[in-house]
Engineer: 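Submitted below is the structure of interest, expressed as structure tokens.
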Amino acid sequence: MREVRRVHVLKFGSSVLARPAAYRLAVEEIRADVAGGAKVVAVVSAMGDTTDDLLSAAREVAPSLPDDLIGSLLATGEEASVALLHLALVTGRVRAVGMSFSRLPIRTRGPLGAAEPVDVDARAIETALATHDVIVLPGFVGVDATGITSLLGRGGSDLTALFLAHALGAAEVRLVKDVDGIFPADPKRFPHVKPIRRTSWSEARRTGAGVVQDRALSFAERHRVAFRVAAPGGTGTWVGRSDPPPDTVRGGEERARCA
């Protein structure tokens with residue numbers, strides 16, 4: 001019987017994907033996990049300020065922004081990011097496939113601007129990973145029961161990643177940020193402060209200063225999904241897990257030394 005490789009979910013936010021060259025750096029982060037024997041689900045936000053730029057443009061076009069139309073507009077930022085990372089992976093000779101939210105939707109319920117993810121076709125993801133090492137999916141967006149594009153709220157790519165990790169039974173989920181973990185104080189104001197090594201979901205909500213979306217933290221706590229917050233190549237902070245797997249810790253330290 002063919003061995004099933006473990007699945008890692010990696011989320012890359014807008015601050016990490018701030019410019020086109022950043023997608024090549026994301027490839028190296030993904031490549032390290034693939035080289036370690038994992039299949040990777042890469043969840044991406046829109047590049048840089050794309051979401052804010054689209055909102056600004058929409059407000060110039062129309063003073064009132066209907067939720068059913070604004071979702072479709074903002075989703076284009078995530079779709080472009082999927083295409084860019086897919087392109088970077090293929091150029092870097094990584095076996096990858098990118099899927100739009102219409103091709104592989106996350107089903108949602110609730111308000112269109114702050115929807116709750118409820119279902120995804122995990123079998124379709126597993127099928128894609130049977131012939132590829134990486135699948136790239138958009139964060140932040142979903143589709144409600146009527147087929148209308150929905151959004152998971154600001155920072156919703158965190159929720160996308162944790163939802164997918166839970167649905168897939170992922171061995172690791174890592175939220176790749178522009179800071180290496182959760183800090184007890186703002187590292188921009190206090191540059192010598194060290195990240196918290198391990199913390200609980202509730203403590204992360206109290207001390208995280210918005211590093212991880214609150215709704216994502218609530219989902220993770222409710223479903224007992226442990227995850228890591230780390231900068232590219234960093235070790236970061238484990239949330240909801242007191243003893244991270246030794247091989248994962250060594251892998252993070254190795255990436256940090258090579259960064």
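Just so it is clear, the model here is predicted, and its values are computed rather than measured.
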Engineer: Once rounded to the nearest 0.5 Å, what's the spacing between atom OH of Tyr23 and atom CG of Leu17?
Structural biologist: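 Result: 4.5 Å between the selected atoms.
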Engineer: Does the side chain of Glu78 come within less than 4.5 Å of Phe101's, by heavy atoms?
Structural biologist: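 A side-chain contact under 4.5 Å is absent here.
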Engineer: Report yes or no: do Ser218 and Arg205 form a side-chain donor-acceptor pair below 3.5 Å?
Structural biologist: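 On atom types as modelled, these side chains qualify, holding a pair under 3.5 Å.
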Engineer: Are any side-chain N or O atoms of Asp178 and backbone N or O atoms of Ser15, one a donor and one an acceptor, separated by less than 3.5 Å?
Structural biologist: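 Checking the backbone N and O of Ser15 against the side chain of Asp178, no donor-acceptor pair under 3.5 Å is found.
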Engineer: Using a 4.5 Å cut-off on heavy atoms from C-beta on, say whether the side chain of Ile148 contacts that of Leu112.
Structural biologist: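 Of all side-chain heavy-atom pairs linking Ile148 with Leu112, at least one is under 4.5 Å.
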Engineer: Under the side-chain hydrogen bond (donor to acceptor under 3.5 Å, both in side chains) test, which residues partner Thr76, sequence neighbours left out?
Structural biologist: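 By the side-chain hydrogen bond (donor to acceptor under 3.5 Å, both in side chains) rule, Thr76 matches no residue at all.
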Engineer: Is any side-chain N of the basic residue among Asp133 and Lys39 closer than 4.0 Å to the acidic one's carboxylate O?
Structural biologist: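 Salt bridge flag = yes for Lys39 with Asp133.
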Engineer: Does this structure show an ion pair linking Asp49 with Arg19, if we count only N-O contacts that are shorter than 4.0 Å?
Structural biologist: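 Judged by the 4.0 Å cut-off on N to carboxylate O distance, Asp49 and Arg19 do not form a salt bridge.
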Engineer: Taking only residues two or more places apart in sequence, or in another chain, which ones meet Arg24 in a salt bridge (charged side-chain N to carboxylate O under 4.0 Å, His left out)?
Structural biologist: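 Once residues adjacent in sequence are excluded, Arg24 has no partner under the salt bridge (charged side-chain N to carboxylate O under 4.0 Å, His left out) criterion.
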Engineer: Out of Leu89, Leu84, Val40, which one pairs with Val136 under the side chain to side chain contact (heavy atoms under 4.5 Å, CB included) rule?
Structural biologist: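 Option passing the side chain to side chain contact (heavy atoms under 4.5 Å, CB included) with Val136: Leu89.
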Engineer: I'd like to know if Arg174 and Asp33 make a salt bridge, using a cut-off of under 4.0 Å between side-chain N and carboxylate O.
Structural biologist: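 Salt bridge: yes.
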Engineer: Can you name the side-chain hydrogen bond (donor to acceptor under 3.5 Å, both in side chains) partners of Thr207, sequence neighbours left out?
Structural biologist: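 Expected list: none.
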Engineer: For Thr108, give me all partners under side-chain hydrogen bond (donor to acceptor under 3.5 Å, both in side chains), at least two apart in sequence or on another chain.
Structural biologist: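 Applying side-chain hydrogen bond (donor to acceptor under 3.5 Å, both in side chains) to Thr108 gives Ser150.
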Engineer: Going by side chain to side chain contact (heavy atoms under 4.5 Å, CB included), name the residues that satisfy it together with Asp121, two or more places apart in sequence or in a different chain.
Structural biologist: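 Testing Asp121 for side chain to side chain contact (heavy atoms under 4.5 Å, CB included), a comparison that skips the adjacent residues, returns Leu104, Arg123, Ala124.
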Engineer: Of all residues at least two apart in sequence or in a different chain, which pass the side-chain hydrogen bond (donor to acceptor under 3.5 Å, both in side chains) check with Thr237?
Structural biologist: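 If we apply the side-chain hydrogen bond (donor to acceptor under 3.5 Å, both in side chains) test to Thr237, skipping adjacent residues, there are no hits.
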